[in-house]
Amino acid sequence: MALDRDAFRSPLFLTGVVGIVAYLFGYLLSFLWTGGAVWGALADVELASTAEIDDLAAYLGTNGIVVPAWKGAGWLFYSAHFVSFSSETVEGSVNLIAAARPAYELLYLVPPVLLVGAGALAAHASDGRTVWHSASVGALVFLGYLPLSLAGTLAFSVGVDATLVHPRYLPAAAVAGVAYPVVFGSIGGALGHELRKRRATQESGVTG
């Protein structure tokens, strides 16, 4: 059966832009929400057994290393995607939100909520006629989200003793860059389609 060309319009450029906006807005919310909270979280991060100081915050301060607030917010933003950061200095890998005060656990909601909205917006622009088409378009927000997720691993890295503390590269790409936008973007696209269809049905009932 031939596919109706008007039934599924997938504006790749638009979905990419929506993905970029979702990433940037999520980071901005993390920055405004957390402020200087990253230092409180770093105080709960245990260092490797070779370090003379117990926690990462004290270690950085003793060595005169300042983590800019914008980079600290980036670490928390990646932690909101369950992407830990790691370094040779740190024992294993650490999720900063898990180490911070419980109030910051609400940051876990930021990426899903924004990506659901981004998926709904992208699907609305494509005007897909089926829920599957709309969900597919919503998933395409990863085209903009993935490049920034990869760039963030470099932008939010901090040099410590000839090594880097940074979001882990593979999880940043696979989890934050692909899995999150594909899953939640498709959910947003499907929800947006159903809401649009319900609204159209109600309007047709009123005019009828």
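Counting begins at 1 with the first residue of the sequence.
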*Under 3.5 Å, is there a donor-acceptor pair between the Ser157 and His166 side chains?*
no
*asked:* Given 3.5 Å as the limit, does a donor-acceptor pair link the side chain of Ser134 with the main chain of Thr130, or not?
replied: yes
_Test side chain to side chain contact (heavy atoms under 4.5 Å, CB included) on Val110 and Leu107; report intermediate values, then the result._
CA-CA 5 Å; Val110 170; Leu107 281 173; 4.1 Å; yes
*Step-by-step side chain to side chain contact (heavy atoms under 4.5 Å, CB included) determination, Leu106 to Trp33*: CA-CA 10 Å; Leu106 291 174; Trp33 194 334; 3.3 Å; yes
_Short side-chain to backbone donor-acceptor contact, Tyr78 and Ser149, under 3.5 Å_ = yes
*Under 30°, 30 to 60°, or over 60°: which ring-plane class applies to Tyr145 and Tyr23, parallel, tilted or perpendicular?*
perpendicular
*Heavy atoms only: give me the nearest Gly189-Ala123 pair and the separation to one decimal.*
CA-CB, 3.6 Å
_Is it the case that the ring center of Phe82 lies less than 6.0 angstrom away from the ring center of Tyr108?_
yes
*asked:* Using a 6.0 Å cut-off, check whether atom OH of Tyr169 has over 12 heavy atoms from anything other than its own residue.
replied: yes
*Atom pair CG (Leu14) and CG (Leu121), whose distance is rounded to the nearest 0.5 Å*: 6.5 Å
*Check Leu146 against Gly177 and note the closest heavy-atom contact, atom names and distance.*
CB-O, 3.5 Å
*Hey, would you say the Tyr180 and His81 ring centroids sit under 6.0 Å apart?*
yes
*Once you round to the nearest 0.5 Å, how far does CG of Leu114 lie from CG of Leu28?*
10.0 Å
*Taking all heavy atoms of Ala22 and all of Leu115, pick out the closest pair and write down the distance.*
CB-CD2, 4.2 Å
*Quick check: does any side chain N or O of Asn95 sit under 3.5 Å from a backbone N or O of Ser79, one acting as donor and the other as acceptor?*
yes
*Taking atom types as modelled, find out whether His133 and Ser136 have a side-chain donor-acceptor pair closer than 3.5 angstrom.*
no
*Do the ring centers of Phe156 and Tyr27 come within less than 6.0 Å of each other?*
yes
*Are Leu170 and Leu150 connected, step by step, through hydrophobic side chains (Ile, Leu, Val, Met, Phe, Trp, Tyr) whose heavy atoms are closer than 4.5 Å?*
no
_Which heavy atom of Phe77 sits nearest to which heavy atom of Gly26, and what is that distance?_
CE1-C, 3.4 Å
_Heavy-atom side-chain contact between Val165 and Trp75 under 4.5 Å_ = yes
*So, for Phe142 and Pro147, which heavy atoms are closest and what is the spacing to 0.1 Å?*
O-CD, 4.0 Å
_Starting from Leu109, can I reach Leu96 by hopping between I/L/V/M/F/W/Y residues whose side chains sit under 4.5 Å apart?_
yes
*Where Ala122 and Val141 come nearest, the two heavy atoms and their spacing*: CB-CG1, 4.2 Å
